[in-house]
Each structure stands twice: as structure tokens, then as C-alpha cells.
Amino acid sequence: MSSEILSVLEYMEKEKGIPRDEMIAVITNSIKTSSQKGVQAGRELRTEINPRTGALKAWAQFKVTDTVSDPKVDIHLEKARLLKPDAQIGDIIEKEMDPSELGRIAAQAARQSIMQRVRQFEKERIYDDYKDSVGDIVSGTVRRREKGDLVIDLGKAEAVLRHRDRVPGEDFAPGDLIRCLLVDIENTPRGPEIVLSRSSVNFVRRLLELEVTEINDGTVTIQSIAREPGFRTKLAVETKDQKVDPVGACVGSRGARVKSIVRELGGERVDIIRHHDDPVLLLHEAIKPALAHNVRVDQANRRIYFEVAEADLATAIGRKGQNAKLTAKLIGWRLDITKLPEAPTGLEAKLTSAAAGWQAVPGIGEDIAAIMVRNGIVDPSAFEGVNEAELMDLGLTAEQAASVVAAVRKYRS
């Protein structure tokens, strides 16, 4: 048995990295506990393993008494002094025993404890090996599917890519290589579980940090990012170095850098814009090529109201409102988008323009201006020779006619 124990100790130390003294403690405690529940039930024991030779020794412990009530735990003073001449009543003495007396169950228990410690150690190693990789991108191989989730072999351990953390439309088969973001190490009844994601917004962020040198060294910073996994990502970047174009650095020569990221994301669109602290300027950048008109900002409620031309409406809102939602997330403000009213055309446009000219005269309202224009008096210069009676014939009251004549005379004087 000594050679078997020594072999176990050496294997665990060299192959698994479990310290020898730790395994000795596990084995001796297991043998002792199982023996006290089996053939040595009711007896106090002490076990010891020589770390160099693997030799197992065991001792039964007895309390010295003058009256023996339980021979498994008590020993008479006279017998005790045969083992230890100076023994006194109340002392605890030990009597060495043959390890074989510990029983077969003790040996089985030792084996089980060894396997249990190995499994526990491997779980602890998984946590130690990957705890510093949380938030980083890891590579692995798809091993199998489990209830819609993918089990990924990372080399030293297996990880899980849950269905909710996958990108819609992506499909991986066993044997495929895959890159994911390591988002967490969860404690489960089965031990630490490495959780991966490809749908996280930070997956795109880390891809950019790996691909774009200027982001990795801090020259360019990502100020905000919004993502609809599998469809579109928007991010705003800036730099304090005036010699560096932050957008150009991320896009790369002929778009090489951003194309590499798009390929990794399975064709997901990536929009990179220049960051502005002013939300209105950031809005103009974010909705390009659409143009925002009549922008109003509600600072208290962090809302931005604006209009876009009918031709730009689909671009600004996007499919199923996707572009508008991503823009709102990117800016951090709620957006209210409406269609820009169409400018009047033809005769209607001319009438509207003429009415606007009349309204420039103080005291001439929109209704009176419309009446004047419809009757051919298109501006104040055409008013020459018109009197109050003629105005009343056009439908104005005597009071309105007098007011118009006075207003025009004052305006032209």
C-alpha cells in the first residue's frame, strides 16, 4: 500500500499540481474517518503518512483509567504502563496498529477522497486560470450543443455560450473555431462555469481595442457605443491628439480595420462617428446621411425634438426603428422624430410668399393678408389708389378696411 500511496502523491504533485502535504492530509483524514465509521467504530484513531516513502501508520488512542468501561476507548492503568511506564490516570496513550486492520472500506474511502480532491482542485484551477480573463476575448472550439447552448472547449477548460448570448442568425457546428467575450465565471453546484457572449456590446469594444492600435494605446477613446446584435453597431470616438483622425484610425486604410471587425461579426454593420459633447452636434453626426431640421432640446427631460425630410425619414428611423433606437442609446437622450412639412409649390407657393410679404406690414394679420393676395393685391406696392370702399367690396369690414389703409400708409411713409 505504501508504494501505491507514494505513486499517488507523486502523480498528483507533478501532473495535477496538488501539493504533497495537502494530499497526505486528504488521504489520512479520509482513512481515519471511514475506519471510525466501519471496523474501528467507536475508537479514536490517529493516522500518518510518510511523505518520502508513502508508508501509512495508524495508532489507536486510549484514555488511562482505573476502571475500564469501554475497551475500545479505555485502558487500565497497569496495561497502560506496559506501553508507557510513566502513564497516569487521565492520560491519552497510543497503541500502534496494523494498517490492514483499518479495513477495505477505508481504502475505498481514500480513493474516493483522492478523486474528489482532484475534481475540486480542477474546478479551483479553472477559476484561477480564467479569473483575470473576464472581459477579454477568448478563442475555442465548439464541442457540442446542450439544450440550445453551445459548449466551447477553451483548451484548459470548457465554457458555455448560452442561446441568449449568441447573435441572431449565427450558427456554429461542432468543430468550428469561435471567438467570444468571457463575461463571467459563475459558481454552480457543479463548480465554476465560464460564461461567454458574442452579443455583448463589450465584444465589439474589445474587438476594436485589439484591431485598432490607437484605441489600445489610448490615443483614440470610445466615448459611447450602442449595439443591436447581428444588425448594427454605432460608436462615437474622439482623440485629444489633433494630428489623429479618430474615425479614420478606426476605419483603417481602405476600411481594412473595420472590415475585419465586420467579418468577425458576421456582416453586422458598424457605424463609426466623431464624438461631440454637444448632443445636438452628436445627433447630426449619428443620423447621417439624413439631415436634422428644426432641432429643439428639452434639457430637463433629456429629449431632442427634430424634423427630417420625407426622403430622409426611413434612413433616420431605420428598419423597425433600429437606427433611431441606437442613436438614442448612443447620445443618451430620447428622440422625437417627425416629418418636415412639405414646402408649397406652384401657385400655392406664390400665394404663400405674397401673404408673408403682407404680414411684414405691422397690423396686417394672416387672414387679411390672404384676402388681399387672393384679390390680386400681392404686396403693399400694389396698394396704390385702393380706398376703404374697395377693400369693403373684397369682404373686409369698415373697421378692417380703415385699419389696413392706415397701416399701409404708415408702412410706406
Side-chain angles (χ1 to χ4, degrees), residues 135 163-170 181 183 197-209 211-212 215 220-240 245-251 255 257-259 261-262 264-342:
H163 186 269
R164 65 173 179 266
D165 294 320
R166 292 164 59 187
V167 173
E170 283 190 339
L181 182 76
V183 293
S197 174
R198 283 181 59 85
S199 63
S200 169
V201 68
N202 288 325
F203 182 50
V204 180
R205 184 187 294 273
R206 288 295 293 140
L207 286 173
L208 279 159
E209 290 171 353
E211 186 69 33
V212 182
I215 293 179
V220 174
T221 55
I222 301 173
Q223 289 300 315
S224 57
I225 186 168
R227 185 185 185 201
E228 189 75 22
F231 300 100
R232 195 172 194 173
T233 292
K234 281 181 174 285
L235 60 140
V237 294
E238 72 171 1
T239 181
K240 294 181 180 179
D245 173 13
V247 176
C250 295
V251 173
R257 289 176 170 177
V258 74
K259 284 178 182 177
I261 294 169
V262 169
E264 178 60 48
L265 298 176
E268 181 177 320
R269 182 173 174 179
V270 178
D271 297 337
I272 304 173
I273 65 171
R274 184 183 289 270
H275 174 76
H276 296 278
D277 291 329
D278 185 340
V280 175
L281 293 178
L282 188 56
L283 169 68
H284 284 293
E285 288 283 347
I287 67 167
K288 286 181 179 178
L291 298 175
H293 302 273
N294 304 324
V295 180
R296 293 185 298 110
V297 177
D298 181 353
Q299 291 280 358
N301 296 306
R302 292 183 67 83
R303 295 177 75 109
I304 299 178
Y305 303 84
F306 65 97
E307 298 173 341
V308 294
E310 184 175 7
D312 288 339
L313 192 60
T315 302
I317 295 176
R319 187 167 63 90
K320 297 181 180 179
Q322 182 188 100
N323 192 47
K325 287 189 291 186
L326 286 176
T327 302
K329 286 182 182 179
L330 189 75
I331 299 173
W333 291 58
R334 293 188 64 182
L335 303 180
D336 285 293
I337 308 173
T338 55
K339 186 173 69 172
L340 186 69
E342 292 186 12

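What you see is a predicted model; the values in this text were computed from it and never measured.
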Please report the shortest heavy-atom distance between L235 and L330, naming the atom on each side. CA-CD1, 3.8 Å

By side chain to side chain contact (heavy atoms under 4.5 Å, CB included) - contacts of E228 (at least two apart): F231, Q322, L326

Residue pairs passing the salt bridge (charged side-chain N to carboxylate O under 4.0 Å, His left out) test with at least one member in residues 282-309, sequence neighbours excluded, are E285-K288, R303-D336

By side-chain hydrogen bond (donor to acceptor under 3.5 Å, both in side chains), which residues pair with T221, not counting sequence neighbours? Q223

Grab the two heavy atoms, one from A236 and one from L282, that are nearest each other, plus how far apart they are. CB-CD1, 4.2 Å

Once side-chain hydrogen bond (donor to acceptor under 3.5 Å, both in side chains) is applied, do any residues pair with E211, and if so which ones, sequence neighbours excluded? S260

Side chain to side chain contact (heavy atoms under 4.5 Å, CB included) filter on A290, not counting sequence neighbours, yields I287, D312, T315, A316

Chi angles and distances behind the side-chain contact (heavy atoms from CB on, under 4.5 Å) call for I225, N202: CA-CA 9 Å; I225 186 168; N202 288 325; 5.8 Å; no

Considering all heavy atoms of both residues, which atom of L181 and which atom of G135 are nearest to each other, and what is their separation? CD1-O, 3.4 Å

Is there side-chain contact between I337 and L313, with heavy atoms separated by less than 4.5 Å? yes

Write out all pairs satisfying side-chain hydrogen bond (donor to acceptor under 3.5 Å, both in side chains) with one or both partners inside residues 272-281, taking only residues at least two apart or from two chains. D245-R274, H275-D277

All salt bridge (Lys or Arg N to Asp or Glu O under 4.0 Å) counterparts of R257, not counting sequence neighbours: E214

Residue set satisfying side-chain hydrogen bond (donor to acceptor under 3.5 Å, both in side chains) with T233, at least two apart, ordered chain then number -> E268

Is there a side-chain contact between W333 and L283 in this structure, where contact means two heavy atoms from C-beta onward sitting under 4.5 Å apart? no

Sequence neighbours excluded, the answer for side chain to side chain contact (heavy atoms under 4.5 Å, CB included) partners of S197 is D165, V183, S199, S200

Tightest non-hydrogen contact, residues V220 and C250, listed as CG1-SG, 4.3 Å

Using the salt bridge (charged side-chain N to carboxylate O under 4.0 Å, His left out) rule, collect all pairs that involve residues 320-329, keeping only residues at least two apart or in two chains. none

Does any part of the side chain of V280, heavy atoms only, come nearer than 4.5 Å to the side chain of F306, both counted from C-beta? no

Could I get the full list of salt bridge (Lys or Arg N to Asp or Glu O under 4.0 Å) partners for E238, not counting sequence neighbours? none

Residue set satisfying side-chain hydrogen bond (donor to acceptor under 3.5 Å, both in side chains) with R232, at least two apart, ordered chain then number -> D271, N323

What distance do K339 atom NZ and I317 atom CD1 have between them, rounded to the nearest 0.5 Å? 10.5 Å

With a 4.5 Å limit on heavy-atom distance, are the side chains of V237 and V212 in contact? no

